[in-house]
Protein chains: 2
Amino acid sequence: MRGNLFAVAVDLVVLTVRDGALCGLLVQRAAPPYAGYWALPGGFVRPREDLRDTAARQLAELTRAATGDAVTGHLEQLASYATPDRDPRGRVLSVAHLALLPDLPEPVADPEAAVSAWRPIDETAGLAFDHDRILADGVERARAKLEYSTLAASFCPSEFTISELRRVYEAVWQTEIDPRNFSRKVTSTDGFLMPTESRAAGGRGRPAQLFRRGPATALSPPLTRLL
Amino acid sequence: MRGNLFAVAVDLVVLTVRDGALCGLLVQRAAPPYAGYWALPGGFVRPREDLRDTAARQLAELTRAATGDAVTGHLEQLASYATPDRDPRGRVLSVAHLALLPDLPEPVADPEAAVSAWRPIDETAGLAFDHDRILADGVERARAKLEYSTLAASFCPSEFTISELRRVYEAVWQTEIDPRNFSRKVTSTDGFLMPTESRAAGGRGRPAQLFRRGPATALSPPLTRLL
DNA sequence: GCAATAGTGTCTTTTAGACACTATTTA
DNA sequence: TAAATAGTGTCTAAAAGACACTATTGC
């Protein structure tokens with residue numbers, strides 16, 4: 001079958017919200033090409049592995065999350081990149097995936113002793129390969145999807161308050177949202193938020209009610225992002 | 001670089017609206033595997049070709065459209081498929097692309113003397129490889145995008161009436177839309193429709209005004225699809 | 001004339017956006 | 001007590017949806 005063979009990699013755009021800023025997970029490359037540069041985490045697809053399995057395996061390595069835990073995150077295919085000279089080693093096609101995670105209490109681990117770090121997405125310029133572009137595409141996908149899906153909850157822990165959810169929107173969109181209108185909107189969307197018995201503790205004001213994610217995936221009508 | 005090399009193909013989900021039905025472009029395979037089966041048009045990526053160029057080249061071959069013509073269609077990357085045994089010849093990754101075209105006046109050509117045909121999308125079951133799945137993903141992408149983008153105009157010729165545009169929505173969503181409310185909605189969206197001096201001829205009733213696509217790409221607020 | 005389609009206007013209901021007010025916590 | 005955050009209610013403006021009416025064509 002033709003001689004045009006490709007190495008196929010999966011690169012991950014892993015996003016979270018910490019301290020009110022949308023952050024991406026980066027690793028520092030130890031070996032050439034681009035040794036010393038920051039890059040998206042990723043790796044090659046194994047011989048009998050499907051793309052999604054490759055992405056899930058790499059994500060698990062990065063977070064060292066026991067699979068038994070409640071899965072609050074989100075993983076989806078983003079796009080593929082195969083410009084002829086994007087990798088000096090040869091023809092490499094990268095199938096980028098987008099992962100949205102809650103701010104992890106345990107620090108993100110480095111599977112192969114590589115240095116990894118969360119970086120605010122507006123301080124990520126200068127990545128290896130075409131990873132600036134891939135990261136920008138992932139961020140834009142996330143921004144768009146918050147409008148018409150319940151995906152913002154993927155950035156929250158399994159139980160969260162409406163304020164936490166609102167701060168996710170504010171961080172991803174870099175907007176301010178009226179807390180009262182936001183509350184009305186999300187609580188009136190059927191299946192978005194399931195109330196729990198407990199309330200948040202440790203805050204400064206009145207303790208807020210805690211919610212879990214409901215079964216709804218779509219928001220209609222959508223939340224409008226107005227910058 | 002590891003021995004896990006892939007052949008990389010681009011498959012096309014080419015959609016149009018004809019006679020009030022959303023149709024996909026299929027080709028009948030001449031050679032094994034799946035000889036005699038209907039499949040999505042596609043082919044392998046050439047040695048120094050980018051993915052989008054492969055898709056555009058194959059689309060041009062299918063339509064024999066002179067590149068000088070006004071580009072009314074739309075082409076975007078859809079998703080990649082690489083399940084280990086999806087192709088019996090070996091490990092093949094397919095980067096599916098989605099193309100939206102107006103109903104072509106000239107018949108769609110067969111570049112390699114292959115039989116090709118437009119088929120209503122609900123009569124396409126039983127395609128080769130995993131093409132049923134890819135086609136379904138493409139149709140779902142198109143349905144979703146009509147809601148919040150001006151992409152419906154890609155299904156129309158360069159000049160079209162509001163009725164033609166409405167019939168695109170009705171065919172893709174399989175809904176009925178009130179012509180008067182639809183007209184109000186699309187004409188009040190800035191940059192969606194640019195009026196021309198001419199009017200449609202040959203219809204049964206009062207001749208309708210012809211429009212061209214405007215520069216707008218997003219619809220906000222979106223058109224709601226209610227089945 | 002009639003049937004068919006185009007185009008405009010009007011009314012009602014729903015939703016978004018702005019913002020007042022009360023409730024419950026910590027310091 | 002004040003400061004901070006949670007939660008509810010109210011008003012207004014915009015948009016959606018239903019539908020009456022006029023306009024212009026072919027037959």
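Chain naming here is simple, since letters A, B, ... match the order of the sequence lines and numbering starts at 1 in each. Computed from a predicted model, the values in this text were never measured in an experiment.
Contacts between residues 148-156 of chain B and DNA chain D, counted as heavy-atom distances below 4.0 Å, involve no residue at all.
Ionic pairing of B:Arg141 and B:Asp137 is not present here: no N-O contact between side-chain nitrogen and carboxylate oxygen is shorter than 4.0 angstrom. At a threshold of 4.0 Å, the pair B:Arg57-B:Asp53 does not count as salt-bridged, since none of the basic side-chain nitrogens sits closer than that to a carboxylate oxygen. Between B:Lys145 and B:Glu76, at least one side-chain N (NZ, or NE/NH1/NH2) sits under 4.0 Å from a carboxylate O, which counts as a salt bridge.
Residues meeting the side chain to side chain donor-acceptor pair (under 3.5 Å) test with A:Asn181, sequence neighbours left out: A:Arg184. Here B:Arg180 pairs with B:Asp178 under the side chain to side chain donor-acceptor pair (under 3.5 Å) rule; sequence neighbours left out. Residues meeting the side chain to side chain contact (heavy atoms under 4.5 Å, CB included) test with B:Pro195, sequence neighbours left out: B:Gln209, B:Phe211.
Residue A:Arg204 places at least one side-chain N or O closer than 4.0 Å to OP1 or OP2 of D:dT5. Remark: B:Lys185 is in phosphate contact with D:dA16, judged by side-chain N or O atoms under 4.0 Å from OP1 or OP2. Contact between the side-chain N/O atoms of A:Thr224 and the OP1/OP2 oxygens of C:dG17 is found at a separation under 4.0 Å.
Following rounding to the nearest Å, A:Ile177 (CD1) and C:dC19 (P) show an atom-to-atom distance of 17 Å. Note: CD (A:Glu170) to P (D:dT5) measures 12 Å, nearest angstrom. We find that CD of A:Glu176 is positioned 15 Å from P of C:dG17, with the value rounded to whole Å. Straight-line distance from the CZ atom of B:Phe182 to the C1' atom of D:dC19: 18 Å, rounded to whole Å. One can place CZ of B:Arg167 at 11 Å from C1' of C:dA6, the figure rounded to the nearest angstrom. Between A:Tyr169 atom OH and C:dG17 atom P the separation is 13 Å, expressed in whole Å.
Distance alone, capped at 3.5 Å, places no donor-acceptor pair between the A:Arg119 side chain and the A:Thr124 backbone.
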Quiz: residues 19-29 of chain B side-chain donor-acceptor pairs under 3.5 angstrom, not counting sequence neighbours:
from    : atom 1 : to      : atom 2 : distance (Å)
B:Gln28 : NE2    : B:Gly36 : O      : 3.1
B:Arg29 : NE     : B:Pro33 : O      : 2.7
B:Arg29 : NH2    : B:Pro33 : O      : 3.2

Heteroatom pairs (N/O) under 3.5 angstrom, protein to nucleotides 7-9 of chain C:
from  : atom 1 : to       : atom 2 : distance (Å)
C:dG7 : OP1    : B:Gln209 : N      : 2.8

